[in-house]
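Basis for what follows: all heavy atoms, side chains included, without hydrogens, waters or symmetry-related copies.
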Amino acid sequence: MTLPAATRPFVEFPAILRAHGFPVAPDQTMGFVEAVGLLGPRDMRDIRSAAIAMLSVPRDRQTEFDALFKAYFLGQGLAASIEDDDEDDDVQAYEPTGAQVDVEEGMEEDETGDLATSSEILRRRQFVPADESGALRHLARRAEKDLPRRLSYRRAFSQRGNRIDLRKALKQALRQDGEVFDLPVTRRKTRQRRILLLVDVSGSMTDQSVATMRFAHKLTQAAERVETFTFGTRLTRVSHSLRIKNTDQALESVGATVADFDGGTRIGDALQAFLAVPRFAGQARGAAVLILSDGLERGEPATLVEAIRKLARLCWRLDWLTPLAADPGYEPRTEALSACLPFLDSLVPGDRIEALCTHVLSLSRPS
């Protein structure tokens with residue numbers, strides 16, 4: 001049975017709770033849908049109240065429930081899971097999986113981003129205004145023509161169509177006393193394929209963060225459909241911020257939204273968090289997925305490999321752009337990235353804005 005579009009989110013959300021260990025029965029899901037209908041709802045608070053009441057959310061898991069609720073219904077940042085043995089009671093961040101990790105704020109060591117770490121460091125980023133590069137202007141000019149396209153389900157009149165437009169043919173016959181001199185034909189329209197950017201903002205990518213964010217903003221402005229997520233120790237959707245037309249205002253919004261700039265690196269956990277939310281994972285279906293990261297994973301390699309395998313099955317193509325590949329003799333040496341190679345369509349340089357723009361404009365060309 002096909003669910004109505006308006007009902008689907010309220011059926012999918014209890015399924016996400018079950019996937020994260022909440023005991024939600026099918027009749028509770030039905031009660032949740034009915035409660036939302038009775039409440040209106042007038043705002044998101046009504047939906048949250050209905051979920052807490054009908055899905056029997058335990059009081060001791062309230063924080064975990066709120067994190068999943070915000071990630072699904074509001075598109076806010078979802079922390080990636082990690083187990084950390086360090087004990088420090090200064091500041092802690094609560095993870096949606098029920099685990100707790102130590103968070104270090106305002107660390108002054110290793111600000112160069114030379115080392116990858118699994119520690120979660122919460123830090124805001126301020127972007128300094130800069131002039132737009134020629135590569136970004138070229139991207140804006142060529143995006144409509146060169147970005148990859150796919151067939152749409154809509155059809156349009158064409159001189160070289162492959163299907164007769166019967167409705168138009170009958171109208172023509174009525175106007176011409178039953179005669180049809182030229183059969184009108186149609187063909188399927190095309191539209192730009194969705195592009196999904198997964199941008200590493202961890203400490204080891206500090207030197208590239210500004211360039212990748214400016215690239216993501218220009219691509220969002222130039223293309224029809226672009227979704228952007230950042231990850232370091234947590235996953236954050238920044239598509240809304242990048243839709244702001246003014247570059248400096250957009251990057252300022254990104255800097256205020258992303259809390260884990262220049263922090264630790266847990267690529268696999270962040271990608272698994274992305275795939276765990278159906279509304280997010282659906283953005284990868286049939287899309288051109290670009291991962292902008294150096295691949296210096298500090299989590300379990302198997303977690304990253306499994307996430308990449310799932311992404312590769314969902315998307316149209318999966319490309320990994322790393323600044324380390326700028327070296328002509330570069331070969332991935334980390335266990336995780338080496339194991340991911342069979343699932344990638346390409347592993348290419350991503351050290352400069354020019355390289356990023358050139359690659360995304362060449363996606364539709366035969367390799």
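Between E227 and R243, at least one side-chain nitrogen of the basic residue sits less than 4.0 Å from a carboxylate oxygen of the acidic one, meeting the salt-bridge criterion.
Closest non-hydrogen pair, A273 versus L235, comes out as C-CD2, 4.1 Å. Between I267 and G295, the shortest heavy-atom contact is CD1-CA, 3.9 Å. In terms of heavy-atom proximity, R317 sits nearest to S346 at NH2-OG, 3.9 Å. Residues A35 and A50 share a closest heavy-atom pair of CB-CB, 3.9 Å. Across all non-hydrogen atoms, the minimal contact from S241 to V254 is CB-CG2, 3.7 Å. The minimum heavy-atom distance between A143 and A222, with the atom names listed, is CB-CB, 3.6 Å.
Taking the side chain as every heavy atom from C-beta outward, F343 and W320 never approach each other to under 4.5 Å. Side chains of K171 and R175 form a contact here, defined as non-hydrogen atoms less than 4.5 Å apart. For the pair L337/T322, no side-chain contact is recorded, criterion being any heavy-atom separation below 4.5 Å from C-beta on. In this structure, T334 and E297 have side chains that are not in contact, with every pair of non-hydrogen atoms separated by 4.5 Å or more. Residues V277 and R237 form no side-chain contact, since every pair of their non-hydrogen atoms from C-beta on lies 4.5 Å or further apart. Considering only heavy atoms from C-beta on, E331 stays 4.5 Å or farther from S338 through its side chain. No side-chain heavy atom of L136 sits under 4.5 Å from any side-chain heavy atom of H217. Taking the side chain as every heavy atom from C-beta outward, H138 and L361 approach each other to under 4.5 Å.
Looking at T358, its side chain never comes within 3.5 Å of a backbone N or O of A355 through a donor-acceptor pair. Distance alone, capped at 3.5 Å, places no donor-acceptor pair between the Q283 side chain and the L196 backbone. A distance-only check finds a donor-acceptor pair linking the side chain of Q192 to the backbone of E224 [under 3.5 Å]. For the pair T233 (side chain) and T265 (backbone), a donor-acceptor distance under 3.5 Å is absent. A donor-acceptor pair under 3.5 Å links the side-chain atoms of D260 to the main chain of G232, judged by distance alone. The main-chain N or O of A135 is never found under 3.5 Å from a side-chain atom of E354 such that the two would form a donor-acceptor pair. Between the side chain of T206 and the main chain of D262, no donor-acceptor pair closer than 3.5 Å is present. Side-chain N or O atoms of S49 include one that pairs as donor or acceptor with a backbone N or O of R45 at under 3.5 Å. Under a 3.5 Å cut-off, the side chain of S364 and the backbone N or O of D146 do form a donor-acceptor pair. Judged by distance alone, with hydrogens and angles left aside, the side-chain atoms of E64 form no donor-acceptor pair with the main-chain N or O of R61 at under 3.5 Å.
Few gaps surround CD on E12; more than 12 heavy atoms of other groups in view lie less than 6.0 Å from it. The local environment of CZ in R285 is sparse, with at most 12 non-hydrogen atoms from other residues, nucleotides or ligands closer than 6.0 Å. Atom CD of E335 sits in a sparse spot, with 12 or fewer heavy atoms from other residues, nucleotides or ligands closer than 6.0 Å. Within 6.0 Å of atom CD in E144, 12 or fewer heavy atoms from other residues, nucleotides or ligands are found, so the atom counts as exposed in its surroundings.
When each of L197, V258, D200 is checked for a side-chain contact (heavy atoms from CB on, under 4.5 Å) with T230, only V258 meets the rule.
Remark: R150 is not positioned above the aromatic ring of W316, lacking an NZ or CZ atom under 6.0 angstrom from the ring centre and at most 45 degrees off the axis.
Using a 4.5 Å cut-off between side-chain heavy atoms of Ile, Leu, Val, Met, Phe, Trp and Tyr, with links allowed through other members, L219 and I244 fall into different hydrophobic clusters. The hydrophobic cluster containing V185 also contains L166, counting ILVMFWY residues as joined when their side-chain heavy atoms lie under 4.5 angstrom apart, directly or transitively. A continuous path of hydrophobic side-chain contacts links L318 to L341 [ILVMFWY only; heavy atoms under 4.5 Å]. V11 and M30 fall into different hydrophobic clusters, defined by Ile, Leu, Val, Met, Phe, Trp and Tyr side-chain heavy atoms under 4.5 Å apart, directly or through other members. In terms of hydrophobic clustering, with Ile, Leu, Val, Met, Phe, Trp and Tyr side chains grouped at heavy-atom distances under 4.5 Å, V33 and F69 are assigned to a common cluster.
Between atom CZ of residue F215 and atom CD of residue Q208 there is a gap of 14.0 Å, rounded to the nearest 0.5 Å. For the atom pair D269 CG and E300 CD, the distance stands at 9.0 Å (nearest 0.5 Å). Note: R279 CZ to I16 CD1 = 8.5 Å, rounded to the nearest 0.5 Å. Atom CG of D248 sits about 12.5 Å away from atom OG of S253, to the nearest 0.5 Å. Taking CG of D319 as the start and CG of L347 as the end, the distance is 9.5 Å to the nearest 0.5 Å. Here the CE-CG distance, from M54 to D27, works out to 8.5 Å after rounding to the nearest 0.5 Å.
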### Task
Quick one: do R48 and F65 satisfy side-chain contact (heavy atoms from CB on, under 4.5 Å)? Show the steps, please.
CA-CA 10 Å; R48 179 180 177 276; F65 167 82; 4.2 Å; yes

### Message
Run I47 and F10 through side-chain contact (heavy atoms from CB on, under 4.5 Å) and show every step you take.
### Response
CA-CA 9 Å; I47 299 176; F10 308 113; 3.8 Å; yes

#### Entry: Candidate pair V289 and L314, rule side-chain contact (heavy atoms from CB on, under 4.5 Å), full reasoning
CA-CA 10 Å; V289 180; L314 284 173; over 6 Å; no

#### Entry: T212 and L321: CA distance, side-chain angles, deciding distance, side-chain contact (heavy atoms from CB on, under 4.5 Å) verdict
CA-CA 11 Å; T212 53; L321 290 82; over 6 Å; no

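A parallel orientation is assigned to the rings of F280 and F274, their planes being inclined by less than 30° (bins at 30° and 60°).
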